[in-house]
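Because the structure is predicted, anything quoted here is derived from the model rather than measured. To find a chain, count down the sequence lines: A is the first, B the second, and so on, and within it residues start at 1.
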Amino acid sequence: GENVEQHPSTLSVQEGDSAVIKCTYSDSASNYFPWYKQELGKGPQLIIDIRSNVGEKKDQRIAVTLNKTAKHFSLHITETQPEDSAVYFCAASMGGYQKVTFGTGTKLQVIP
Amino acid sequence: NAGVTQTPKFQVLKTGQSMTLQCAQDMNHNSMYWYRQDPGMGLRLIYYSASEGTTDKGEVPNGYNVSRLNKREFSLRLESAAPSQTSVYFCASASQETQYFGPGTRLLVL
């Protein structure tokens, strides 16, 4: 089955700096890669996703890149703000109604 | 729309007791999922239901059973709770790939 590894497990940045979270996946058949943000006491919420036919996608301060050859994808948050503090999960699936495999999460702390 | 709702929010059980975690969604989604979240382990799939009337095992199904009661509701049952089942349980429903999560149920098994 699919295996998703995520690094780092914790990340502290100063407000205004950038944050990068990296993930690798094992199954070359995976073609859909979502990122979820989980705030304290809440369920995860989708913030951005990318499909295997796209190398990069941006949404305001958030961007995701995908390297299919190396089987890794990354989340980039620029100009971080205190409200970005949360746990972020990467995931991989074969799309459609297929199962989603999650990484182990990164706790991001943005220091004011 | 309430989205995905879960009950109860918090539960304490003694070893050997049984309970059912309830989940409902009002988004007319076909797929529903149950995950458990443990520190350092991320989200692990327990069971899922691709459509009404079907259920399949996920990564960690042992000790659990599920029922897809109708399109809206997907329940998770612990027949004989064990301390290893202490966790936060999340239900999710999906439209195509995007999963929408409920607020979670915190379960403590003593």
Check Y36(A) against Q99(B) and note the closest heavy-atom contact, atom names and distance.
-> OH-N, 3.1 Å

Does any pair with a residue in residues 31-95 of chain B pass disulfide (SG to SG under 2.5 Å), and if so which ones, sequence neighbours excluded?
-> C23(B)-C91(B)

What part of L45(B) lies closer than 4.5 angstrom to a heavy atom of chain A: side chain, backbone, both or neither?
-> side chain

Residue among G1(A), P44(A), S9(A), G41(A) with most heavy-atom pairs under 4.5 Å to chain B = P44(A)

Tell me, for R106(B) versus chain A, whether the close heavy atoms (under 4.5 Å) come from the side chain, the backbone, both or neither.
-> side chain

Apply side-chain contact (heavy atoms from CB on, under 4.5 Å) to the pair Y48(B) and V100(A), showing each step before the final yes or no.
-> CA-CA 11 Å; Y48(B) 69 104; V100(A) 175; over 6 Å; no

Straight-line distance of R44(B) CZ to T104(A) OG1, nearest 0.5 Å = 11.5 Å

Which portion of Q38(A) sits near chain B, non-hydrogen atoms under 4.5 angstrom = side chain

Relative to chain A, which segment of Y100(B) carries a heavy atom at a distance below 4.5 Å: side chain, backbone, both, or neither?
-> neither

Below 4.5 Å from any heavy atom of chain B, which atoms of P34(A) appear? Answer side chain, backbone, both or neither.
-> neither

L46(A)/F101(B) under side-chain contact (heavy atoms from CB on, under 4.5 Å): CA gap, chis, key distance, verdict | CA-CA 9 Å; L46(A) 180 74; F101(B) 286 82; over 6 Å; no

Cluster link Y64(B) to L43(B), ILVMFWY, side chain under 4.5 Å | no

Should the pair K99(A)-E59(B) be classified as a salt bridge under the 4.0 Å nitrogen-to-oxygen rule?
-> no

Write down the atom of F89(A), the atom of Q37(B), and the distance for their closest heavy-atom approach.
-> CZ-NE2, 3.1 Å

G43(A) to F90(B) - nearest heavy-atom pair and separation = CA-CE2, 3.4 Å

